[in-house]
Every structure is written in C-alpha cells, then in structure tokens.
Amino acid sequence: MSVDTLPPPMPTEAEKGEEAPFRVLVRAFFRSPAVIAGFVLLTAIIGLALLAPLIAPQNPYDLNQLDIMDSRLPPGSQSMTGMIFWLGTDDQGRDMLSGIIYGLRISLGVGASSALFAALFGASLGLLAAYVGGRTETAIMRIVDLQLSFPSILVALMILAFLGKGILNVVLALVIVEWATYARAARGTALVERRKEYMEAAESLAIPRWRILFVHLLPNCLPPLIVIATVQVARAISLEATLSFLGLGVPITEPSLGLLVANGYQYMLSGMTWISFYPGVALLITVVAINLVGDRLRDVLNPRGRE
C-alpha cells in the first residue's frame with residue numbers, strides 16, 4: 001500500500017476531548033426549532049444589512065435618487081422611471097424596502113456598537129471592583145446602583161437633549177445607560193472566580209494586576225457577559241428606535257427603523273399605514289430573533305439550565 005492511499009490517522013483521545021464540549025454546546029443550542037428559526041432570521045437580517053448597497057433597489061440616503069412625485073405611493077406602485085415600489089414609499093418618495101434594508105444597518109450598528117463598548121467599560125469596572133475590593137468596590141457599586149435606579153429611557157433622553165441628535169451621540173447615550181448591567185454581572189462572576197486556586201497561583205507568581213484581570217480572570221467571566229451582550233443588543237435597538245421615534249435619535253438623513261416608523265405615524269389615520277407598518281414589522285422580527293438566540297445562549301452556557 002502506497003503512502004498516498006494510507007487512511008488518515010485516527011484522532012487521539014485528547015483531540016476528541018477538546019472537540020466534544022463544543023459539539024455538545026452546538027447540539028444543545030440548535031435543539032429547539034424556534035431557536036433554529038430565530039438563528040436563520042438573524043443571519044438573514046445581518047446579511048441584508050451588510051449587503052444593503054448591493055441588494056437595495058435604491059439608496060435612500062442619496063437625495064438625487066428621490067422624487068417628491070413618488071411620495072406616499074401604496075405597495076406595488078410603479079414610478080415614472082419604471083421602478084416598482086414593492087412596499088410603497090414614504091412622504092419623501094423613499095422606497096420603503098430600501099429604507100428598511102438600510103435602516104437595519106443603522107439599527108444593528110447602533111445596537112451592536114453600544115453593547116460592545118458598554119461591555120468593555122462595564123466589565124472592566126466590575127472586574128476591578130471584585131479584584132481590588134474595599135473602598136474602590138464600594139464606590140463603583142454605589143455608582144452602579146445609582147445608575148440602575150433611573151429608567152433607561154429617561155437617562156438617554158436627558159443625555160441626547162444635552163448632546164443633540166447624531167449616531168455617535170446615540171451610541172454614547174446607550175453606553176452610559178447599559179454599562180452598569182455589565183459591571184454588576186462581571187463583579188458577581190468575578191467574586192466567585194476570585195476564590196479559586198488558579199487565581200491564587202497567578203498572584204503567587206507576581207504577575208501584573210492588569211494581566212491577572214484580563215488574561216486570567218476575564219476569560220472565565222465571559223459566558224454570562226456574552227449572554228447579557230446578546231440581550232442588550234436587542235434592548236439597545238429598541239431604545240434607539242424609541243429615541244428616534246421621539247425625535248432625539250439619528251438624523252433624518254440617515255433614518256433607522258425607529259425613525260421610519262415615526263415618519264409614517266402622522267399618516268396612520270389617512271389610511272397610509274404601510275409607511276409605519278413595514279418598518280415596525282422589521283423592527284419586531286429583528287428584536288424577536290435576537291431575543292430567541294440570546295435566551296437559548298443563556299440556557300446553553302448556564303450548566304444548571306442545560307437539558
């Protein structure tokens with residue numbers, strides 16, 4: 001038998017042991033049909049958002065492509081140029097299908113970026129509070145308690161009323177609203193990990209504190225933070241939609257799903273329900289898909305909740 005025809009080597013027991021936990025988690029994650037549907041929906045939504053310039057029939061941000069004569073056309077109407085508006089148009093003559101696809105980019109971008117920065121900032125403070133303890137922990141956790149005592153929408157409204165509209169301002173407001181949740185979760189997990197033997201071994205080797213925090217302690221605190229981040233993305237998207245609906249979110253030149261809903265609100269009693277209805281459905285599907293994935297991720301990463 002030649003060398004080329006030799007069968008591939010069998011995996012060792014160590015290799016099998018390394019692959020098994022990941023496979024178990026994947027099987028457990030996709031066990032529910034509802035989660036599979038949510039994962040497929042979320043993947044499709046992210047794909048639409050990323051490929052918006054290639055998929056959308058129109059660039060809703062380009063004013064040269066908009067015609068005021070095409071405003072408030074019902075679904076299925078055709079413009080003078082031959083373009084078919086499958087979901088109708090809004091009061092600016094913007095194709096609703098294109099507006100929803102581009103609006104997904106704004107909503108998902110704001111939600112994901114705010115959750116990421118809030119996680120980085122909040123988790124760092126939570127780990128610091130658990131590791132250092134004393135007055136530092138007391139000061140950080142009292143600020144966290146104060147932050148969580150106020151309604152999120154009220155804090156975001158106050159911040160945006162001071163900073164003004166803009167995507168960056170919305171992201172900053174959502175980070176300020178969300179960071180306390182990560183800080184409390186990171187502190188609770190870190191207090192448990194702090195008492196384990198690997199932390200004592202790291203401290204006995206005189207390793208720098210920043211390395212102990214972010215190389216040894218943080219990776220073992222990630223599972224609950226990942227779950228919270230997934231849920232917080234959906235919450236951030238809902239908050240951004242609320243702020244945009246109230247007129248304090250993203251600018252009108254770059255509408256998100258919330259702003260698209262707000263643009264059609266005044267025409268609801270006139271029978272032009274499609275202007276608000278379709279963006280609202282897209283927003284609902286996005287939030288539900290993220291929550292389905294986040295809830296299942298929580299059950300899978302929590303050993304007590306595994307089936």
Side-chain angles (χ1 to χ4, degrees), residues 41 45 48-49 52 56-63 65-77 79 83-111 114 151-171 173-174 177 233-291:
L41 274 176
I45 290 170
L48 285 174
Q58 179 191 79
N59 184 357
Y61 303 153
D62 187 0
L63 298 180
Q65 297 186 23
L66 305 182
D67 189 350
I68 195 64
M69 299 299 294
D70 295 331
S71 63
R72 299 189 293 275
L73 293 179
S77 300
S79 68
M83 180 180 175
I84 299 178
F85 301 112
W86 298 107
L87 300 183
T89 61
D90 62 4
D91 57 344
Q92 302 296 323
R94 183 186 294 112
D95 177 38
M96 292 305 303
L97 178 59
S98 303
I100 290 172
I101 294 175
Y102 273 84
L104 285 172
R105 302 183 78 187
I106 301 296
S107 296
L108 289 175
V110 169
S114 63
S152 300
I153 185 64
L154 177 61
V155 176
L157 284 173
M158 293 172 58
I159 295 172
L160 289 176
F162 177 75
L163 297 178
K165 294 182 180 180
I167 294 178
L168 293 179
N169 292 341
V170 172
V171 172
L174 293 178
V177 166
V233 169
R235 183 169 179 267
I237 291 175
S238 302
L239 277 175
E240 182 276 324
T242 304
L243 294 171
S244 297
F245 184 84
L246 296 175
L248 290 174
V250 298
I252 194 171
T253 55
E254 296 182 356
S256 64
L257 294 178
L259 189 57
L260 290 175
V261 174
N263 289 340
Y265 179 74
Q266 57 183 327
Y267 301 105
M268 292 291 290
L269 297 179
S270 301
M272 304 176 188
T273 56
W274 65 86
I275 302 178
S276 292
F277 177 75
Y278 292 116
V281 170
L283 179 63
L284 175 64
I285 292 175
T286 302
V287 173
V288 169
I290 295 175
N291 281 331

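All of these numbers come straight from a predicted model, not from anything done at the bench.
No side-chain heavy atom of Val170 sits less than 4.5 Å from a side-chain heavy atom of Leu248. Residues Leu66 and Asp62 are not in side-chain contact: their nearest non-hydrogen atoms beyond the backbone lie 4.5 Å or more apart. Side chains of Trp86 and Pro57 form no contact here, defined as non-hydrogen atoms less than 4.5 Å apart. With a 4.5 Å cut-off on side-chain heavy atoms, Arg94 and Asn263 count as touching. Between Leu108 and Ile237, the closest side-chain pair of non-hydrogen atoms falls below 4.5 Å. Looking only at side-chain heavy atoms (C-beta outward), Glu240 and Leu283 stay at 4.5 Å or farther from each other. For the pair Tyr61 and Pro255, the minimum side-chain heavy-atom distance is below 4.5 Å.
Remark: side-chain polar atoms of Ser79 are not paired, donor with acceptor, to backbone N or O of Asp70 under 3.5 angstrom. In this structure, the side chain of Ser107 does not engage the main chain of Leu104 through any donor-acceptor pair within 3.5 Å. Checking side-chain atoms of Ser256 against main-chain N and O of Gly103 turns up no donor-acceptor pair under 3.5 Å. Between the side chain of Trp274 and the backbone N or O of Asp90, no donor-acceptor pair lies under 3.5 Å. With hydrogens and angles ignored, the 3.5 Å screen pairs a side-chain donor or acceptor of Ser276 with a backbone N or O of Val261.
The CG atom of Leu87 sits 11.0 Å away from atom OG of Ser77, with the distance rounded to the nearest 0.5 Å. If you take NZ on Lys165 and CG on Leu259, they are separated by 7.5 Å, rounding to the nearest 0.5 Å. For the atom pair Ile106 CD1 and Ile167 CD1, the distance stands at 4.0 Å (nearest 0.5 Å). Atom CE of Met96 and atom OG1 of Thr89 lie 8.5 Å apart (nearest 0.5 Å). Within the model, atoms CG of Asp67 and CD of Gln92 stand 12.0 Å from one another, a figure rounded to the nearest 0.5 Å.
Open room surrounds CG on Leu269; 12 or fewer heavy atoms of other groups in view lie less than 6.0 Å from it. The environment of OH in Tyr267 is crowded: more than 12 heavy-atom neighbours from other residues, nucleotides or ligands sit within 6.0 Å. No more than 12 heavy-atom neighbours from other residues, nucleotides or ligands sit within 6.0 angstrom of CG on Leu168.
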Quick one: do Ile275 and Asp91 satisfy side chain to side chain contact (heavy atoms under 4.5 Å, CB included)? Show the steps, please.
CA-CA 8 Å; Ile275 302 178; Asp91 57 344; 5.5 Å; no
Report the C-alpha distance between Tyr102 and Asn59 in whole Å, list the side-chain angles of each, state the deciding distance to 0.1 Å, and finish with yes or no for side chain to side chain contact (heavy atoms under 4.5 Å, CB included).
CA-CA 8 Å; Tyr102 273 84; Asn59 184 357; 3.9 Å; yes
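Remark: of the listed residues Asp95, Ile100, Ile101, Asp95 is the sole one forming a side chain to side chain contact (heavy atoms under 4.5 Å, CB included) with Ser98.
Here the closest non-hydrogen pair linking Leu260 and Gly99 is CD1-O, 3.3 Å. Heavy atoms only, all atoms of each residue included: Val110 and Ser114 are closest at O-OG, 2.8 Å.
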